[in-house]
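What follows is a single structure, written as structure tokens, with notes after it.
Quick note on labels: first sequence line is chain A, next is B, and so on, each numbered from 1. What you see is a predicted model; the values in this text were computed from it and never measured.
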Amino acid sequence: MPSPALRIADLLATAADRVGEAVRLEGWVRTRRDSKAGLSFVQISDGSCFASMQVVAPSDLANYESEILHLTSGASVVVEGEVVESRGKGQSIEVKATRIEVLGLVEDPDTYPISPKQHSWEYLREVAHLRPRTNTFGAVGRVRNCLAMAVHEFFQGLGFQWIHTPIITANDCEGAGEMFRVSTLDLENLPRTEEGKVDFSEDFFGREAHLTVSGQLAVECWCLALSKVYTFGPTFRAENSNTSRHLAEFWMIEPEIAFADLADDADLAEGLLKHCFRTLLDRRSDDLAFFAERIEPTCITRLESFVNSSFERMDYTDAIAALEKAAANGRTFEFPVAWGSDLQSEHERYLVEELVGRPVVVMNYPKDIKAFYMRMNDDGRTVAAMDVLAPGIGEIIGGSQREERLDVLDARLAEMNLPKEDYWWYRDLRRYGTVPHAGFGLGFERLIAYATGMGNVRDVIPFPRTPGSAEF
RNA sequence: UCCUCCGUAGCUCAAUGGUAGAGCGAGCGGCUGUUAACCGCUAGGUUGCUGGUUCGAGUCCAGCCGGGGGAGCCA
């Protein structure tokens, strides 16, 4: 009866106490090095941590000639053996095998897509089913998991409730971007109304339906009952945007707090980001060390500096003034700076990286460039919106205090030509026990990209969906 | 959607319009308590697709397909 397998992470965490112990490992071969001293070194990875384990396979193993000498990168094995102090330099302990069971060899090592060498990101996206076997993507996967847990721990520790807002929505009013249609209608033979339009009353939900572009409106409903809530789930945008910061399917974190204003919202955003990075620094130092060495040299230091610096709060109007001053002093911008237009990427980069040098929360934007639900300020021309800008990535969070006054909300809907009827349930929240409340959205992939130094969000999600690409 | 760059061996890349090469990976052999091991040998190609110019096209031209980067939109 074989003992249960030990994770390599657990073995390494308790290495000193395990010398002499019999263990069983399960994993995949990274490399094999043979020695004519009568043994082979087989590097085994099981994904539990960044490190792999050196397994020493003596030539007297029954299957040494027949199987061990044919192990190549990617083969799966079960190893039974003894933990011993290593006689080599690269590791303190190793496993001296008494038995190696080969579960699966690599069919054709010559064409195995993940050969032990450098591959381009573009190539690895084409083999997304195998790329988690690389150092980089294994590390990304563990960091992603760690950050997801940190998000939940942060909110749960503050008494937030996790709300599972719907993936399929029949709202006409989410309004955050192009939506993917959800339909069971026969595209070859669409039912038509008398006017010749598609008759969606025949569709599955009896009306038009789409994939959600944001859980915000739904989570507001639960906020105005449970006070502190958040959503964390997949979100879909059918925008034809081709950049390293956009995905058609991505995960978003959206907290919503009642009895709160924009300042509370900014504090919450700062607290969340710092908690996530602190947790990551604490728990995944092995993977971060790899990212710092091979991907982005400043990856650890900038996270440390992030958690130790206070975020600058800056009014949009003051930000414009600062940009105009910089322009007057000879700093050139490709796009003009003017009160009333949105900040361009280059403007955000200037504020964060050149002017302030640490994360900045820009607050109170002109109402004409922001959504209908954002709370009108007393000046009548700005709304209580905020963007959190971080050095190296730009906008990572967008949020606002919500308009809780029914008459002001209705005026905004009318101003933006949005039909009141479509927002009947959203308006009900203001009719029945309205309270000031606020929230924000954090793109999870952007968080991971920043934390790891990975340059493209397509490489921090297991199977990226982008325009023209949904393989796997 | 716009701008721009790129498609050559399993992968990363070379190749004035003139016989398609290297490194890594792979296979075989040698050497070694090795560690991105090392040394030698071998195999591996319809140069993204279609057409055009030319005595001759990986190279020049046109169209198409695929991908990267940047911009916009945003998270």
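- For the pair A/E239 CD and B/rA71 C1', the interatomic distance rounds to 15 Å; values are reported in whole Å.
- Going from the C1' atom of B/rG10 to that of B/rG17 covers 30 Å, rounded to whole Å.
- Consecutive pairing runs in RNA chain B reach the stem threshold at B:1-7 with B:65-71, B:10-13 with B:21-24, B:26-30 with B:38-42, B:48-52 with B:60-64, where a stem means at least three Watson-Crick or G-U wobble pairs with distances under 3.5 Å.
- The side chain of A/R33 contributes no N or O atom lying less than 4.0 Å from OP1 or OP2 of B/rU35.
- Here the separation of B/rA71 from B/rC64, taken at their C1' atoms, is 25 Å to the nearest Å.
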(request) If a protein heavy atom is under 4.0 Å from the base, mark B; if only from the sugar-phosphate, S; if neither, -; do that for nucleotides 6-12 of chain B going 5' to 3'. (result) ----BBS

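- Within the 4.0 angstrom heavy-atom criterion, only backbone atoms of the sugar-phosphate kind lie near A/Q344; the bases stay farther away.
- The side chain of A/R237 sits closest to B/rC74 out of B/rC74, B/rG67, B/rG33.
- Legend: residues meeting salt bridge (charged side-chain N to carboxylate O under 4.0 Å, His left out) with A/R144, ordered by chain and number and at least two apart, are A/E445.
- The residue A/R125 sits close only to the backbone: its heavy atoms come under 4.0 Å of sugar-phosphate atoms, none of a base.
- Using cut-offs of 30° and 60° for the angle between ring planes, the A/Y423 and A/F372 rings count as perpendicular.
- Across all strands shown, A/I397 has heavy atoms under 4.0 Å from sugar-phosphate atoms exclusively, and none from any base.
- Residue A/R87 places no side-chain N or O under 4.0 Å from the OP1 or OP2 atom of B/rU34.
- At B/rC3, none of the side-chain N or O atoms of A/N242 fall inside 4.0 Å of OP1 or OP2 (strictly under the cut-off).
- Closest to the side chain of A/T72, out of B/rG27, B/rG72, B/rU32, is B/rG27.
- Taking atom CZ on A/R245 and atom P on B/rG68, their separation rounds to 15 Å, with Å as the unit.
- Within 6.0 Å of NZ on A/K96 lie no more than 12 heavy atoms contributed by other residues, nucleotides or ligands.
- Using the six-membered ring where Trp is involved, A/F180 and A/F236 have ring planes that are perpendicular, over 60° apart on the 30 and 60° scheme.
- The salt bridge (charged side-chain N to carboxylate O under 4.0 Å, His left out) search around A/D287 returns A/R142, A/R284, not counting sequence neighbours.
- Residues passing the side-chain contact (heavy atoms from CB on, under 4.5 Å) test with A/T317 are A/W339, sequence neighbours excluded.
- Atom NE2 in A/H347 sits about 11 Å away from atom P in B/rC73, given to the nearest Å.
- With no hydrogens or angles considered, no side-chain donor-acceptor pair links A/T382 and A/N364 at under 3.5 Å.
- Interface residues of residues 49-67 of chain A facing RNA chain B, ordered by number: A/Q54, A/V56; criterion, heavy-atom separation under 4.0 Å.
- Rounded to whole angstrom, the span from the NE2 atom of A/H246 across to the P atom of B/rU1 amounts to 16 Å.
- A/R294 comes within 4.0 angstrom of no nucleic acid atom, judged by non-hydrogen atoms across all strands.
- If you check every strand for non-hydrogen atoms under 4.0 Å, A/S345 touches sugar and phosphate atoms only.
- Heavy-atom nearest nucleotides on RNA chain B were determined for A/E445 and for A/T466, and the one closer to the 5' end corresponds to A/T466.
- Within 6.0 Å of atom CZ in A/R181, more than 12 heavy atoms from other residues, nucleotides or ligands are found, so the atom counts as buried in its surroundings.
- Protein atom CG of A/L39 is 16 Å distant from nucleotide atom P of B/rA37, rounded to whole Å.
- Map A/E395 and A/H70 each onto its nearest nucleotide of RNA chain B; the residue landing nearer the 5' end is A/H70.
- Taking the six-membered ring where the residue is Trp, A/F444 and A/F232 present perpendicular rings, their angle passing 60° and hence far from 30°.
- Within the 4.0 Å cut-off from OP1 or OP2 of B/rU35, not a single side-chain nitrogen or oxygen of A/R30 is found.
- Of the N and O atoms on the side chains of A/Y426 and A/R402, not one donor lies less than 3.5 Å from an acceptor on the other residue.
- Side-chain N/O atoms of A/Q216 and A/Y373 include a donor and acceptor closer than 3.5 Å.
- Between the base of B/rG33 and the side chain of A/E94 there is a donor-acceptor pair shorter than 3.5 Å.
- Distance, A/R349 CZ to B/rG70 P: 10 Å, rounded to whole Å.
- The side chain of A/F335 sits closest to B/rA71 out of B/rG69, B/rU34, B/rA71.
- Figure legend: A/R302 and A/Y450 shown as a cation-pi pair, the cationic atom lying under 6.0 angstrom from the six-membered ring centre and within 45 degrees of its axis.
- For A/Q91, taking side-chain heavy atoms from C-beta onward, the closest of the listed nucleotides B/rG72, B/rG68, B/rU35 is B/rU35.
- Looking at A/S400 and A/Y365, their side chains never bring a donor and an acceptor atom within 3.5 Å of each other.
- Between A/S244 and B/rG70 there is a side-chain N or O to OP1 or OP2 distance below 4.0 Å.
- In this structure, A/I396 reaches the sugar-phosphate backbone alone: every heavy-atom distance under 4.0 Å involves primed, P, OP1 or OP2 atoms, never a base.
- Between A/Y350 and A/F333, the two ring planes are perpendicular [angle over 60°; tilted spans 30° to 60°].
- Between the C1' atoms of B/rU16 and B/rC5, the separation comes to 23 Å (whole Å).
- In this structure, A/T243 reaches the bases: a heavy-atom distance under 4.0 Å links it to at least one base atom across the strands shown.
- Nucleic acid contact for A/G441: sugar-phosphate only, since backbone atoms but no base atoms lie under 4.0 Å from a heavy atom of the residue.
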